[in-house]
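First comes the structure, then the notes that go with it.
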Amino acid sequence: MKFTRVQLLPLLAGTAVGSASYPPIPKDLTTPVQQRLAVKGTNAVAVAWNTYQKLDQPCVQYGIASSSLTSQACSSDSTTYPTSRTYSNVVTLTGLPPATTIYYKIVSTNSSVEHFFSPRVAGDKTPFAMNAIIDMGVYGADGYTIQGDMSKRDTIPHIDPSLNHTTIGRLAQTVDDYEFIIHPGDLAYADDWIEKPKNILDGKNAFEAILEQFYSQLAPISARKAYMASPGNHEAACQEIPFTTGLCPDGQKNFTDFMNRFGHTMPSAFASTSSNNTAKVNANKAQALAKPPFWYSFEYGMVHITMIDTETDFANAPDQPGGSAGLNSGPFGGANQQLDFLAADLASVDRTVTPWVIVGGHRPWYTTGTGQCKPCQAAFEPLLYKYGVDLAIFGHVHNSQRFLPVNNSVADPRGMNDPKAPMYIVAGGAGNIEGMSAVGANYSTNVFAYANDFSYAAITFQDSNHLKVDFIQSSTGAVLDSSVLYKSHTQQFLVQ
Ligand SMILES: *[C@@H]1O[C@H](CO)[C@@H](O)[C@H](O)[C@H]1NC(C)=O
Ligand SMILES: *[C@@H]1O[C@H](CO)[C@@H](O)[C@H](O)[C@H]1NC(C)=O
Ligand SMILES: *[C@@H]1O[C@H](CO)[C@@H](O)[C@H](O)[C@H]1NC(C)=O
Ligand SMILES: *[C@@H]1O[C@H](CO)[C@@H](O)[C@H](O)[C@H]1NC(C)=O
Ligand SMILES: *[C@@H]1O[C@H](CO)[C@@H](O)[C@H](O)[C@H]1NC(C)=O
Ligand SMILES: *[C@@H]1O[C@H](CO)[C@@H](O)[C@H](O)[C@H]1NC(C)=O
């Protein structure tokens, strides 16, 4: 068939510009979309959302009854970057009463009243649960559930071909069972736009469209629960297929969208509530060295959670300029800033206030099969052991795995009964277009590994001495593996 010029132009426009699956732009440009909350500090929550126009003054009204939103907080924080259609708005609510249902309304001519449960203060010993969700990805036309190219998904046996994301569905159904979520990296998989042939001529729009879709899909969860994010390689990847490097849109490089979206919502580190002066000094030092959303910490009830950046900012970091992943990203801090932060942060933890210490990051060093990040192990493992981190949570490998408490690849002889070494898990099976990673060859300290369906980790702080880790099958809610870690936590400041 031969096209005249007149016929060809609309056709090209149809396959190129029209192909990215953008959500419709609301008529009212103040309409909040992609809402997301974060624990921002003691008694403080960051409320963030995007709009299709810049806001002069983003505002949030809030109160302890839906009919009486008596307080209002505003900011001038409404920012974007060259390839984005939306502006990221952030307002921080401070002085919140702890552990209380707070009603809030993002100020707009088209918004509704939502609610969240405000953060527990450090030292509150009430039991609660959180979820660890890693490597999740968008669903729908640019995600994993659409029929077509199934080549990367043939290890998933029972995926409903409808537009159904089982992990987000399960998080919605169980929303009253957990208080917040951590997501250490690989959020939308927007860089994987290249996986859908329809996107091939329209990288910039395809990339942004996936981000808009993903954060809209997440909003019913993240507008209700704090969603604590840290970076993964997919927040910076531009060359999964080498010839796309030249097509890589601005927002896709060097964690640009990730920084725009989470840079002003994640906390730095909390001031210490310990009575010990050394702890206060270390916490202040950690606060000065933190680089949210890359590395930071927060305290919630009986846990201190530290998020690390396994992508950049340490020796041989995979995503840094010249690094093994070829992503030419970062650095985001000064020389050794991340590791100095981590040492000060972990040293500041007073176990009489927060008995539990958890570290979350993207790339694991304990995993079955391939995907072990050896430079990460060299950089971080000695500090995790030295300061007695209880549990370390990673993803990157697309399945669920549990390891015995281990240091330097040697299982702690005490097992789950008051080990000195951290317990390690991989919770990277939440669901994304790349499909599951097969369970690799058995690894001596591995006790559980699952890649038959999408799954995630639910972590319950039972009391100061018992921590339960459950792996949940997203499609059914079934508990696939359950374990309880016992720690005596007898030392106020643990250094070993
Ligand atoms: C108002 O917001 C809803 C989503 O919350 C959207 O579907 C609708 O299109 C918006 N209305 C206008 C006039 O923009
Ligand atoms: C998604 O799955 C749930 C549970 O299986 C079902 O109730 C719901 O209708 C499905 N949604 C779509 C869009 O297929
Ligand atoms: C404060 O904590 C440090 C360890 O961080 C410890 O060496 C010191 O003895 C403690 N001081 C008091 C007064 O308990
Ligand atoms: C990435 O962004 C950071 C922070 O804006 C900047 O300091 C760094 O130089 C950038 N890296 C590259 C390779 O452009
Ligand atoms: C813990 O592992 C590190 C390597 O990551 C090693 O240097 C250190 O000696 C180990 N500590 C103990 C007590 O085994
Ligand atoms: C790995 O081997 C250990 C010891 O034989 C066993 O207990 C564990 O179940 C195995 N793990 C997997 C995932 O096969």
Side-chain angles (χ1 to χ4, degrees), residues 22-35 49-53 79 81-82 86 105-114 212 215-217 219-220 223 231 235-239 245 248 250-260 262-264 291-295 309 311-315 317-323 325-335 337-339 342 359 364-366 372-389 392 403-414 419-424 445 494-496:
Y22 272 126
I25 296 181
K27 202 170 257 159
D28 181 342
L29 295 178
T30 72
T31 302
V33 295
Q34 306 171 31
Q35 296 89 331
W49 70 97
N50 285 27
T51 44
Y52 288 88
Q53 70 174 24
T79 56
Y81 57 85
T86 61
K105 183 179 186 297
I106 293 169
V107 175
S108 159
T109 32
N110 186 31
S111 65
S112 51
V113 177
E114 308 286 344
E212 289 183 25
Y215 288 103
S216 301
Q217 291 167 359
E235 276 66 65
C238 286
Q239 50 186 39
T245 310
C248 187
D250 272 358
Q252 195 173 334
K253 295 175 188 153
N254 200 16
F255 297 92
T256 299
D257 180 81
F258 176 71
M259 278 191 280
N260 186 247
F262 294 111
H264 297 173
K291 195 77 191 175
F294 294 93
W295 55 90
D309 170 9
E311 307 307 304
T312 67
D313 292 83
F314 57 92
D319 301 359
Q320 71 189 10
L327 299 184
N328 194 38
S329 294
F332 296 101
Q337 184 174 334
Q338 175 171 213
L339 293 174
L342 184 59
V359 166
W365 49 92
Y366 294 113
Q372 288 143 19
C373 180
K374 292 290 180 189
C376 302
Q377 180 169 23
F380 299 114
E381 187 179 42
L383 287 171
L384 268 53
Y385 183 87
K386 179 177 179 184
Y387 293 108
V389 167
F403 291 82
L404 290 171
V406 54
N407 183 60
N408 206 16
S409 301
V410 180
D412 190 305
R414 294 166 206 77
K420 292 171 85 170
M423 170 183 173
Y424 283 84
T445 55
L494 181 54
V495 183
Q496 54 190 14

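Just follow the structure's listing: the first ligand is 1, and inside any ligand the first atom is 1. One-based numbering along the sequence shown. As the structure is a prediction and not an experimental result, all values here were calculated from the model.
- The contact set between ligand 1 and Pro26, taken as ligand atoms under 4.0 Å from a residue heavy atom, comprises 14 (O).
- Which parts of ligand 5 touch Tyr385 is read off a 4.0 Å heavy-atom cut-off, strictly below it: atoms 13 (C).
- A 6.0 Å sphere centred on NZ of Lys105 holds more than 12 heavy atoms belonging to other residues, nucleotides or ligands.
- Side chain to side chain, Tyr81 and Asp257 meet the donor-acceptor criterion of an N or O pair below 3.5 Å.
- Phe262 and Phe258 have tilted rings, their planes meeting at an angle from 30° to 60° on a 0 to 90° scale.
- Annotation for ligand 5: atoms under 4.0 Å from non-hydrogen atoms of Glu381 are 2 (O), 4 (C), 5 (O).
- Every protein residue with a heavy atom nearer than 4.0 Å to ligand 4 is included here: Asn254, Asn328, Gly330, Pro331, Phe332.
- Judged purely by distance below 3.5 Å, without hydrogens or angles, the side chains of Asp28 and Thr30 pair a donor atom with an acceptor atom.
- Applying the ring pair (Phe, Tyr, Trp, His ring centres under 6.0 Å) rule to Phe314 yields the partners Phe380; only residues at least two apart in sequence or on another chain are considered.
- With a 4.0 Å cut-off on non-hydrogen atoms, Thr31 touches ligand 1 through its side chain and not its backbone.
- Partners of Ala411 under the side-chain contact (heavy atoms from CB on, under 4.5 Å) rule, at least two apart in sequence or in another chain, are Leu404, Thr445.
- Between Asp313 and Gln338, the side chains place no donor N or O within less than 3.5 Å of an acceptor N or O (distance only, hydrogens not considered).
- Under the ring pair (Phe, Tyr, Trp, His ring centres under 6.0 Å) criterion, Tyr424 pairs with Trp365, Tyr366, not counting sequence neighbours.
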